[in-house]
Amino acid sequence: MRQPASSRRGILPWIAALLALLCTALPLQAQEAAPGDSRLADLLEDEAAREVLIKELRRTAAEEDTAAGETGDVPPTRQVAQWTQSLAEGAVEQFNTAIRATQAAWDGMRAADPVDLTVNTLELAGLIVATLAVLWLLSRLARLAYRRLDHHARARTGPAGVVRRVTGTTTALLLDLASVALAWAAGHALALFVTGEAGQMTARDSLFLNAFLLVELTRAALRLFLSHRWPGLRLLPLSDAEASASTRWTSGMTAFLGYGLLFVVPVTALLVAPEPARILALLILAVAYYRAVALVLRNRKRVQGRLMKLAERMDSGFGRVALQGAGRIWHGIALAYLTAILVVALVFPGQALPFMLTATAQTLLASAAGILLSLLLGRVILKRIRLPQETRERIPLLEERLNAYIPGVLKVLRFTLLAVVAALILDAWTPFSLPAWAASDAGGRFIGNAVAVALILAGAMLVWLGLTSWIEYRLSPATGDGEPNARVRTLLTIFRNAAAITLVVMTLMVVLAQVGINIGPLIAGAGVLGLAIGFGAQKLVQDVITGVFIQLENAFNVGDVVTAGGITGTVERLTIRSMGMRDLSGTYHLLPFSSVDTVSNYMRDFGYHVGEYGVAYREDTDEVLQRMNEAFEELRQMPEMGPYILGDLEVHGVTALADSAVNVRVRIKTRPGMQWAVGREYNRLVKRHFDAAGIEIPFPHMTLYFGEGKDGRAPPARVQMQGTPPAPASGGPPSAAPVEANPQFRGDFDEEEPAG
């Protein structure tokens, strides 16, 4: 996608103005470096010129002293105007000097021997052509290997394909470097033994060979990412057309800058003069800057779209956000980068090129390494850990815990990697020196503390992971010990909570001590606070201490049916401070351990169903016991109840001769918690067997006795039955109907016997 012409026309004039402003700064920098050349020596040797130079220097010094004294009185606008005027005058003077030097060099060349000039030119041209021809021939020969490497890299996909592509690109890079090295060696041999005097190399030949080596090595590194002929050896995800266009532009720009700044400019300074060489270097940088800015603006939307599409395919949230942000501001970063390179080249002309190359190479290497490692970490983060089936059965939550912890650790590592890459880039482009900072006391202390804290946290995490895995192993029914009992589950749960609190507190204290915080006051304050809490929360302390001893003594566990604090129910929850219990009606009770003074546990080892049955006085107790044994044998044969019965029927015999019944007691030993179910079923069978044998189970009833006088006569009892007319008034004999014929009667003696 091409950038609209109107947008480019709007910004390119500003770039041209910036270049014009920077053009005026370069001669000033050159002027500061000028006293070191040979012309200054020539001026000092001429007495008349030396007198003129001394007068000019004194006049300039006087003007500078005057300007320095009046700086406080000159307005800022006037200072800017004076600086601009001196800048322009210096630029014009340097430009005129460059023209005069060029004219003098041209006159010298015209006066020189044409034969020598022609021979030197032909020798240099022959060296250039021969070196480039050797490189072209070696590149042609290497294409056979490139073709095989490309086919080998694209033959497989997946992880194997990634390994093949990395291997192929590395091999191709080594072949490129070998071709460049052989061509450079051939050029050296040609310069030493063919051109010029045998065994000697001219300065211009050395300049070309050095420029050739640096330029071609850079182009080989670019081919590693933008190989337009071999897609399998291309690291960047580009189409063939995009790779071809990118290769042409980057190779051409590398050759233009490299050969221009490393060969043409030094040769111009050597044969003509330093001033024209500086002007030529400025023109080369300006052209390169203009072309680079135009390229960035032309491909602004295109690159943004590619980055946004790549962000949509990212599984990592960090990578998605980073690519989206880069897509929005990439052109600004690129323009700032290009401008920084130009400014550095103008402000520091002597060290500009080495600084540019070193900083750019360090930035590219740091960014490439950071991106590669980040992608590898992203693959590890998104890949779920799978443990063997046996391990998952023995430690069920270990796999889930690993998949929760390891991605967090890798995210921290990726953030650390990002910080290191940023520090390396700052080290490349700013006065900040990463090695010097790391070697300093502050840097060494920071790095040491960071590594120590990381190791402490990693150790604490490993301890917690091992502890929880051991607890899960003990609680897992798939282990050799089988299903753990309720007491083991309760104690291990309490131990895990206590260990978590202890580990967190100790890790926090060690980390604070490592980063330089004095934890003595914290420990003292914690002691005082603990003492205050102990006095103010005695009930809480009592709850905790009682709970610990209850658990150590194995008084009850989760799932037990107990009576505690006057409440009977099933224990559903245990903590170090309290217990949760649900009674028969479903009500949930929360009892602090301080309120529990007695615990009755119905679920320890075994249980008993104690049954006491009343029969009528007329029944034979031996027959009653026989029928009860028959009911027990039938109960034992039941498949749903028999496995829970642990012994024979225990007959305690006749325990009481009650008011209305003869009480017989038996006892059945059962598994813990099953005494109630067994008892209910046995009661049903006893009732059925008694009914079949005609054994009466008395129910509450009343026998009326009206009393008897000494003479044997009983007073009359006037009973009126419902539905019976009242007795005649003449005092005839009362009705002889028995009272028990109809239990519903009325009289002055109505009373009810209590049940039982």
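Just so it is clear, the structure is predicted and the values come from calculations on it, not from any experiment. These values consider heavy atoms only, across backbone and side chains, with no hydrogens, waters or symmetry-generated copies.
A distance of 9.0 Å separates CD1 of Ile695 from CD of Gln626, quoted to the nearest 0.5 Å. Considering OG1 of Thr568 and CG of Leu584, their distance stands at 9.5 Å, rounded to 0.5 Å. A distance of 11.5 Å separates OG1 in Thr621 from CE in Met628, rounded to the nearest 0.5 Å. With rounding to the nearest 0.5 Å, the separation of CG in Leu635 from CD1 in Ile668 is 5.5 Å. Residue Leu503 holds its CG atom at 11.0 Å from CG of Leu508, rounded to the nearest 0.5 Å. Note: Tyr644 OH to Met641 CE = 8.0 Å, rounded to the nearest 0.5 Å.
Put simply, the side chain of Arg496 does not reach to within 4.5 Å of the side chain of Leu467, judged on heavy atoms. Considering only heavy atoms from C-beta on, Glu612 stays 4.5 Å or farther from Val664 through its side chain.
For Ser578 against Leu590, the heavy-atom pair with the smallest separation is OG-CD1, 3.6 Å. The minimum heavy-atom distance linking Met579 with Val562 is given by the pair CE-CG2, 4.2 Å. Residues Ala693 and Arg627 come closest through the heavy atom pair CB-NE, 3.4 Å. Taking every heavy atom of both residues into account, Ala564 and Val596 meet most closely at CB-CG1, 4.1 Å. Here the closest heavy-atom approach between residue Leu417 and residue Gly370 is recorded as CD2-O, 3.6 Å. The two residues Asn601 and Val561 have their closest heavy-atom pair at OD1-O, 3.7 Å.
Judged by distance alone, the side chain of Tyr613 and the main-chain N or O of Val666 form no donor-acceptor pair under 3.5 Å. Listed for the Gln675 side chain is a donor-acceptor partner under 3.5 Å among the backbone atoms of Tyr602. With hydrogens and angles disregarded, no donor-acceptor distance shorter than 3.5 Å links the side chain of Arg636 to the backbone of Pro643. Remark: the backbone N or O of Asn557 is paired with a side-chain donor or acceptor of Asp560 at under 3.5 angstrom. Proximity of a side-chain donor or acceptor of Thr507 to a complementary backbone N or O of Val504 within less than 3.5 Å is not detected. Judged by distance alone, with hydrogens and angles left aside, the side-chain atoms of Arg414 form no donor-acceptor pair with the main-chain N or O of Val409 at under 3.5 Å. A donor-acceptor pair under 3.5 Å is formed between the side chain of Thr416 and the backbone N or O of Val412. Here the side chain of Glu619 pairs a donor or acceptor atom with the backbone of Glu696 at under 3.5 angstrom.
For Asp691, the side chain to side chain contact (heavy atoms under 4.5 Å, CB included) test picks out Lys687, with sequence neighbours left out. Leu657 is linked by a side chain to side chain contact (heavy atoms under 4.5 Å, CB included) to Tyr617, Val654, Val662, counting only residues two or more places apart in sequence or in another chain.
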Verdict with reasoning, Arg688 to Arg684, per side chain to side chain contact (heavy atoms under 4.5 Å, CB included): CA-CA 6 Å; Arg688 194 177 68 180; Arg684 184 183 68 84; 4.0 Å; yes
Arg573/Val558 under side chain to side chain contact (heavy atoms under 4.5 Å, CB included): CA gap, chis, key distance, verdict: CA-CA 6 Å; Arg573 178 175 174 270; Val558 175; over 6 Å; no
Would you check, one step at a time, whether the test side-chain hydrogen bond (donor to acceptor under 3.5 Å, both in side chains) holds for Ser600 with Thr563? CA-CA 5 Å; Ser600 301; Thr563 298; 5.0 Å; no
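Electrostatic pairing of Lys669 and Asp648 does not count as a salt bridge here, judged by no charged N lying under 4.0 Å from a carboxylate O. By the 4.0 Å N-to-carboxylate-O rule, Glu312 lies too far from Lys309 to be salt-bridged with it.
In the model, His689 has a side-chain atom that pairs as donor or acceptor with a side-chain atom of Glu634 under 3.5 Å.
For OH of Tyr588, the number of neighbouring non-hydrogen atoms (other residues, nucleotides, ligands) closer than 6.0 Å is greater than 12. Residue Met638 places its CE atom among more than 12 non-hydrogen atoms of other residues, nucleotides or ligands, all under 6.0 Å distant.
Contacts classified as salt bridge (Lys or Arg N to Asp or Glu O under 4.0 Å) and involving residues 580-592 (residues at least two apart or in different chains) are given here: Glu572-Arg582.
Aromatic ring orientation, Phe556 versus Phe593: tilted (interplanar angle from 30° to 60°).
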